[in-house]
Amino acid sequence: MSVLNAVLRAAVDGLLSPFRGLSPWVGLAVVSILTAVPMLLVFRATSNQTALAAVKKQIHAGLFEIRLFNDDLRAIMRAQLHILRQNLSYLRLSLPPMLWIVPPLVLLFAQLQFHYGYRGLEVGQPALLEATIRESALDGATGKPTLRLDVPDGLRVETPPLWIASESRFSWRIAAERQGDYTVKLGFAGQEVEKSVHAGERVVLRSPERLAPTFVNQLLYPAEPPLPGDGPFSAVSIGYPERALSLFGLETPWWVVYLGLLFLVILALRNAFGVTI
Amino acid sequence: MNVFVRRRGGARRWAVVTLLAVACAGLAASSCSRSADGGGQRVIVLGFDGMDHGVVTRLMAEGRLPNLSRLAEAGSFSPLETSVPPQSPVAWSDFITGMDAGGHGIFDFVHRDPATMLPYLSTSRAETSEDCYGIGSWKVPGPGGKIELLRRGVPFWEVLEDNGVESWIVRMPANFPPSGSASVELSGMGTPDAVGSPGEFSFYTSELFAFEGEDISGGEIYPVDYWEGTAEATLYGPPNTCLPGRPQLTVDFTVHVDPVEPVAKLVVGDEQRLLMVGEWSDWLPISFPLPLGDLQVIARFYLKSVRPELELYVTPFQIDPEHPAMPISTPDGFAGELVEAAGRYYTQGMPEDTKALTEGVLSEEEFLRQAAYTGRQFIDQYKWVLDRFDGGFLFYYFGNLDQTSHMLWDTLDPGHPAYVAETDARFADVIESLYQELDGVVGYTLDRIGDDTTLVVMSDHGFGSWRRVFHLNNWLEENGYLVLKDPNRRDPGVYRNVDWSRTRAYGLGLNGLFINLRGRERSGIVPAEDRTALLEEITERLLATVDPQTGEPAVTEVWPRERYRDRGYLEIGPDIQIGYAWGTRGSGKSAIGDFTDSVFSDNLDDWPGDHCWDHTTVPGILLTNRDLGRPVVKLTDLAGAILAQFGIEDFPAGTPSS
C-alpha cells in the first residue's frame, strides 16, 4: 500500500503541478475530463451495451405509456411497475462496470482530497500542531513527559507544549512567518519523526495527519508516508483550514464541484465515445 | 426514429452547454463585488461619539490633534449643541431626522408603558413568533417574529436616496433594524447580541464562591468542574420560546489545562484553540443546535487564569455577520462582505464590555485591550469602506471614545471621588490617546479625498466628570411627591414598593420625570387640570435643590416637554427632562424605579464619566473642510445642511406620520 500511495502521490502531484498557481476550478475541470474519458472507455468495455440500450428503451416505453394513457389509472400503475423493474435491471447491468470504476476512483478521491480539501497555513495565522504518543511508550510514567519539537526558520512556535494526559497528546500553536514548505521534527524517547507543513495558497499536496501504518490509515491518508510502526508516535497532525469553493456564492466542498463537472463532461462526451450509460 | 433521437441528443448537448454557461456566469457573479455609482458630489460625515468640545480645543492648542486642526483651518470648528436630554440615542436621532425628541419619539434609553408602568428599550422592539413548529421537544418558533425600529421621522438618507444620491450609513446609532432606505447600511448602537440582550458576557470560574451574593448585571457567572486539568462546561444561548420553561439552547465545551505551563486548549464543537493566560482567541463560530437548522453565532474567549483557579471570559454571543440571524445590514449581504476588511467582528451596538469591567470580571487593562481591539477593527473597516465609497454620502460611526471615556474619565480628574492616584495615573493618557487615534482617522481621510468632497466631523455630545449622583425617586419621596408602601423597604424592584394611589410624580430614565396622570398612567391620580401647576411646583423645587456636600445647585435646567419644537410624539416622553448640573447625574437605580437611602451620593462606580446632564454644558463638536452654506448650531440643523450640499433644501419636511 505504501508503494502504491507513493506512486499515486507522484502521479497526481505531477499531473496537477501545472495548475498549482491557478484557481482550483481549473485543475478540477482538467481532472474531471481526464477521468471522464477512461471512465467512459471502461464503462463501454465492461458493460453489456446492447442490454443497457434495450433497458433504457423499455424505460422510455413506460414513460410514453404513462403519457399516452394518462386517464387510465391501471395503465399508469402498470407502467410504473414496469419502469421500476427496468430500473432494477439497469442497476444490475451497471454494477459490473462500477466494480471496475469505483476502486481507482476511491484512490483518486483520497489523493484529490489532500490537494483540494485543505488550504495552507496563512502567514501569521495560528494553527494547532499535535502529536499523540502511544500508551506503551509512556511506560506508566506520571507527570508531563518531555518531547522535543524543532521547527525550521519560517515557522514559529507561539505556545509551550500543552500536555493532555487523558489523551496522551501534546499540542502547540504554531504560525508561519512566510510562505513555503517546511518540515518539523519531533523527538520522543530517543526516536524522531518528521511532519510536513505547508504555508501558502497554492494548490499543492497537503497532509493534515501522519498516522500509524494500518491499511485503513494508508487508504484514507495517502498524502504522507505512515509513521514508523514501532515508534512512540501514533499520530502527528497539523490543523489546516478546510477549503471550500464558491459556487453561485455558496461555499461548496471540492468533491461536489468535481462530481458535478465529471457528470457534465460524461454527458457531453458519451455520444462521441459511443457509450450508452 | 433516427432523426428524433438525433434531435433529442442535440437538445441535450445544448442543455449541457447552457448548464456550463450558467455555471460560469454563477462563478463570475460570485466573485464580483459591488461597484458604487461614481461621480458627483461627495459628502463624508465621521461621527465620533462623545468627543468633547473642550477637550478638542485644549488638545488642538497643545498641538496634539494636527489633522483636526488642519480641518479647522481649512473650514470651521465650533461647538454643536446637543439634544435634550444629551443621551446618545436621543442625540443621534436628532441628527438622523433633523427633529428633536418630540418629533422622532426617542426621549431616553428607556421609555415606560403607562399601562404596565414597566420600562422598555426606547429604540427597538423585538417580538418572537407565537407560532411554533414541530412536535414534542422538537419545536422551534415560526417565522412570524419581528423586530421593529421605534424611531419615528424620515431619516435624512431616505431623502438623499429619493433624490438619487447613493448613501452609505455605517453603524448609525438608533438604526436597528436598519431602515432599509439607504444603499448600504450596517446597524449600530441599539443592535443586540445574538441572545437579544444589549450584550451578556459569560464568565466561567472554578472558584467555588466567586461573586456569590453579588448582583451581576450584563453577564452571567458560571461555576465549572475542574478536575485533573480538564474542565467541562456549557455555553448558554438564547431560549427556545416554544418549549415549556423556555430552556436555553446550549453547546458544551471543554478546556484542557497543561499541568505545568500557563496554557490551555479550548474545544468548542469542531473548533480548537490554544490560549496562553492573558490571551484572547479569535472569533469562534458556535452553532446552537435547533431541530430545523442551527443558530450560528460567534464569540471570543479570554483565558484569564489557569492557576490556582480556572477563569475564562466569553464575550456576548454576536450575530454572525456572515450568517446573520437578525437583520443588521442593507443589503443583507453587506455585513458579511465587511468581514473582508478585518475578519469577523462585533455586531452588537456597543461592543466595549463596560459591564465586565464594572462587575470586576475584567480589569482595566483587560477592558482596554478588548476596547482597543474593537477600535482598531472598526478603523480598519472604515478604511475598507472608504476605498469602496465612490460618490454620494457616507456616514461612519466610531463609538470607542464614548465607552472608554465613560469608564476612565476619573483618570483625567483628580477631584473625582473614585480617583486613586496610584492606579488611575497609569491610564491618564488613555482617553487623550483615543482623541489622537481618531485624529489619525481624520488625517487618513483628508489624504484620500479630493476637492469635490465635503468632510464633516461631528460628535453627538461632550463629556465630563460624573462626581455626584442624584437619586430622583428618593428626592420625590423626600418632597412628598412619591409615596412608598413600606418606607423601610429599599429592596430592588421596578416601582414594586410604590403606592401609586398616593404618588403624584415618579422618575424614569436618566433624565425623565413623569406626572402620575389620571387617565394616562395605569393608576394615575393627578387630574389633567392640576398637571401644569404641579410641574411648576416641582420645577421650582428642583432648581432650588442644593447638593449639601458641594453647596452647588443640583439642577440647572428643567425642560418641560411642551418646549420641544417638534410635537408628533410628545406623549411618549416624560413631562419634564431634568438637566442636572455639570458633574451630577441621575442614578442608574432611580432610572429603573429603584430606591436608595439618600438623595445624593458620591459616584464610586466604575463609570466615572458621563454627559447626561444640562445639555448646554456638554456640547459636541462640528468641524468641516468647507462652509456648509447655512448655520449649524444644533444637532437638528446638521442633516438639513448636509442635504443642502446636494441641493435639497426642505429637510425635515412637515410632521411625520405615525
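So you know, we letter chains A, B, ... as the sequences are listed, proteins then strands, and number each from 1.
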Applying side chain to side chain contact (heavy atoms under 4.5 Å, CB included) to B:D258 and A:K144, what does each step give before you reach the verdict? CA-CA 8 Å; B:D258 185 78; A:K144 184 178 179 179; 3.0 Å; yes
Does [X] have more than 12 heavy atoms from other residues, nucleotides or ligands lying within 6.0 Å of its [atom1]?
{"X": "B:D270", "atom1": "CG", "answer": "no"}
{"X": "A:R67", "atom1": "CZ", "answer": "no"}
{"X": "B:K383", "atom1": "NZ", "answer": "yes"}
{"X": "A:E251", "atom1": "CD", "answer": "no"}
{"X": "A:E242", "atom1": "CD", "answer": "no"}
{"X": "A:W255", "atom1": "CH2", "answer": "no"}
{"X": "B:D225", "atom1": "CG", "answer": "no"}

Nearest-0.5 Å distance that lies between atom [atom1] in [X] and atom [atom2] in [Y]:
{"X": "B:L274", "Y": "A:I174", "atom1": "CG", "atom2": "CD1", "result": "11.0 Å"}
{"X": "B:M276", "Y": "A:T159", "atom1": "CE", "atom2": "OG1", "result": "7.0 Å"}
{"X": "A:S166", "Y": "B:H256", "atom1": "OG", "atom2": "NE2", "result": "6.0 Å"}
{"X": "B:T230", "Y": "A:E167", "atom1": "OG1", "atom2": "CD", "result": "7.5 Å"}

Under 4.5 Å to a heavy atom of chain B? For A:I164 that would be side chain
Is A:P161 in contact with chain B via its backbone, its side chain, both, or neither, using a 4.5 Å heavy-atom distance? backbone
Which region of B:E228, side chain (C-beta onward) or backbone (N, CA, C, O), has a non-hydrogen atom less than 4.5 Å from a non-hydrogen atom of chain A, or is it both or neither? neither
Answer whether the closest heavy-atom distance between the side chains of B:Q272 and A:R173 falls below 4.5 Å. no
Flag the pair B:K265 / A:R169 as yes when at least one side-chain heavy-atom distance between them is below 4.5 Å, and no otherwise. yes
